[in-house]
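Structure record follows, encoded as structure tokens.
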Amino acid sequence: TAGNKIFHFGACRVSTSMTEIRAGFTAIKANIQARDPIRSLSILSYPHSLHKVKSSDRCCITHHLFNFYVDKVFKHCRTEDSFVNRKISSIANSFLSVRRKLGQCHEQNQCMCGQESTEKFKQILANYEGLNVTSAAMKSLGELDILLDWME
Amino acid sequence: YGIGKWIRKPECRNINRTWCDLSNETSDYEEQYYASVKAFLNGMFSEWVETTRFNPLTDTKLDPPMVSVSSTEKSISIILTAPEKWKRSPEEESISLLQVYPGLQYNVSVLNKKTKKRVSFEKDVELFLLNLCSVLLEIGFSKEHCIATLKDK
């Protein structure tokens with residue numbers, strides 16, 4: 001469909017409605033980021049940016065991150081604003097289908113995890129667990145553009 | 001953002017102009033940023049106020065590409081050059097925005113001022129040839145005109 005982008009992670013090919021996800025996030029970005037008052041910590045970028053990850057580890061990190069967003073972020077981001085909630089669930093649905101495909105690649109050994117991606121994801125989880133669940137989830141959601149920029 | 005250390009901007013202290021160039025401080029496009037400012041007068045200070053989070057990759061305004069055109073007997077060559085990333089100093093190496101945005105594309109259109117007809121192309125390359133005759137026909141010139149023009153050249 002229009003706006004779909006195919007990501008190639010070695011043998012693993014994942015089609016993603018990137019334009020839809022970006023549009024959804026852009027619509028709520030200012031609202032979500034305004035709910036995150038903490039400037040001194042980034043879930044995804046601390047201490048090192050995702051851009052420093054080796055290309056061989058990209059698939060595994062992406063797989064980890066999509067699991068992370070589905071399992072630990074979207075469900076803890078309910079707001080009092082129905083428009084924002086609808087956008088969040090739309091993004092979450094897009095993430096679910098990408099996660100399924102990445103899971104299939106993982107089962108077919110096309111999405112191998114090296115030490116670097118394991119270490120990097122441990123750091124992301126540590127950053128997340130350093131805050132209370134709601135703050136950590138909201139901060140993670142506010143950093144979705146960091147993930148999307150890195151993927152693209 | 002994410003580091004928690006504010007960077008001072010000496011050039012923007014004690015100023016009464018209403019802008020401040022932070023290109024230098026925000027030039028790493030793999031990072032995101034906040035800026036903050038406060039006002040003061042005769043010893044009275046306002047609260048700090050912050051910008052929204054600035055993401056150089058998605059919040060950048062693209063300049064138009066440079067365009068040069070040359071023609072041959074049967075075609076028009078259109079050469080596009082993507083704008084460059086902001087440089088801290090003239091000596092710094094130039095980085096094309098193509099390296100920052102690999103998916104960069106162009107919309108090129110050819111307008112016939114007489115017939116007001118326009119034909120457009122979406123291109124993701126910087127050099128391409130347009131078949132002169134097909135373009136002329138599309139923007140309202142007659143077939144004879146097209147052949148006559150080629151012969152006269």
Side-chain angles (χ1 to χ4, degrees), chain A residues 2-8 16 18-19 21-53 55 58 120 123-124 126-128 130-131 135-136 138-152, chain B residues 1-9 12 20 22-38 46-62 82-83 85-86 88 93 95-107 120-125:
Chain A
N4 259 27
K5 183 162 190 160
I6 298 189
F7 286 96
H8 300 264
T16 318
M18 202 48 126
T19 307
I21 294 173
R22 275 243 190 236
F25 180 71
T26 302
I28 59 173
K29 171 179 166 179
N31 181 301
I32 296 296
Q33 290 181 349
R35 296 167 189 263
D36 171 17
I38 303 168
R39 301 289 179 264
S40 54
L41 173 67
S42 162
I43 303 288
L44 298 184
S45 299
Y46 181 83
H48 304 302
S49 151
L50 281 171
H51 293 272
K52 309 289 189 266
V53 171
S55 57
R58 278 171 57 83
K120 177 64 186 176
Q123 178 65 63
I124 289 171
N127 294 340
Y128 176 90
L131 304 171
S135 304
M138 204 53 84
K139 177 176 269 297
S140 303
L141 181 56
E143 294 185 4
L144 199 64
D145 55 348
I146 294 177
L147 171 59
L148 302 178
D149 291 345
W150 170 69
M151 285 179 72
E152 289 196 298
Chain B
Y1 165 70
I3 296 168
K5 187 165 58 76
W6 290 93
I7 305 166
R8 295 193 176 283
K9 183 69 178 177
C12 294
C20 175
L22 297 175
S23 304
N24 187 48
E25 287 73 19
T26 60
S27 63
D28 181 348
Y29 55 81
E30 290 177 356
E31 297 291 341
Q32 302 197 4
Y33 305 87
Y34 283 94
S36 65
V37 61
K38 70 178 176 182
S46 77
E47 291 293 321
W48 285 100
V49 64
E50 278 180 3
T51 63
T52 54
R53 195 178 301 174
F54 174 67
N55 177 347
L57 267 182
T58 50
D59 298 337
T60 285
K61 303 260 180 309
L62 284 179
K85 181 178 180 286
W86 176 83
R88 292 176 189 227
E93 184 213 349
I95 297 175
S96 165
L97 281 191
L98 254 182
Q99 291 170 253
V100 179
Y101 299 102
L104 195 65
Q105 296 197 315
Y106 306 98
N107 277 336
S120 294
F121 312 88
E122 194 169 295
K123 291 288 175 188
D124 55 8
V125 290

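This is a predicted model, so every value here is computed, not measured. Order of the sequence lines fixes the chain letters, A, B, ..., with proteins taken first and strands second; residue numbering starts at 1 for each chain.
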Q | B:Asn55 CG to A:Asp149 CG distance, which is reported to the nearest 0.5 Å | A |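 CG of A:Asp149 is found 4.5 Å from CG of B:Asn55.
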**Q.** B:Leu57 side chain reached by A:Glu152 side chain, heavy atoms, under 4.5 Å
**A.**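 With C-beta onward as the side chain, the pair stays apart.
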(Q) Is the shortest side-chain heavy-atom distance between A:Lys29 and B:Thr52 below 4.5 Å? (A)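 They are not in side-chain contact.
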Q | Heavy atoms from other residues, nucleotides or ligands near NE2 of A:His48 exceed 12 (cutoff 6.0 Å) | A |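 Atom NE2 in A:His48 is not crowded, with 12 or fewer foreign heavy atoms closer than 6.0 Å.
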Q. If you draw a 6.0 Å radius around OH in A:Tyr46, do more than 12 non-hydrogen atoms from other residues or ligands fall strictly inside?
A.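 No, the 6.0 Å shell around OH holds no more than 12 heavy atoms from other groups.
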Q: Measure from NZ or CZ of A:Arg39 to the centre of the six-membered ring of B:Tyr1, then state whether that distance is under 6.0 Å and the direction lies within 45° of the axis.
A: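 The answer is no, since A:Arg39 fails at least one limit relative to B:Tyr1.
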**Q.** Under 4.5 Å from a heavy atom of chain B, the part of A:Ile146 involved
**A.**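 A:Ile146 touches chain B through backbone and side-chain heavy atoms alike.
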Q. Considering only heavy atoms, which portion of B:Asp59 lies under 4.5 Å from any heavy atom of chain A: side chain, backbone, both, or neither?
A.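 Contact with chain A is through the side chain of B:Asp59 alone.
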Q | B:Arg53/A:Asp145 ion pair, N-O < 4.0 Å | A |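 Here B:Arg53 does not pair with A:Asp145 in a salt bridge, since their nearest N and O are not under 4.0 Å apart.
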Q) Can you name the closest pair of heavy atoms from B:Glu30 and A:Lys52 and give their distance? A)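 Taking B:Glu30 first and A:Lys52 second, the nearest heavy atoms are OE1-NZ, 3.3 Å.
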Q.
Using every non-hydrogen atom in the two residues, find where B:Glu31 and A:Ser49 come nearest and quote the distance to one decimal.
A.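 The pair with the smallest heavy-atom distance is OE2-CB, 4.3 Å.
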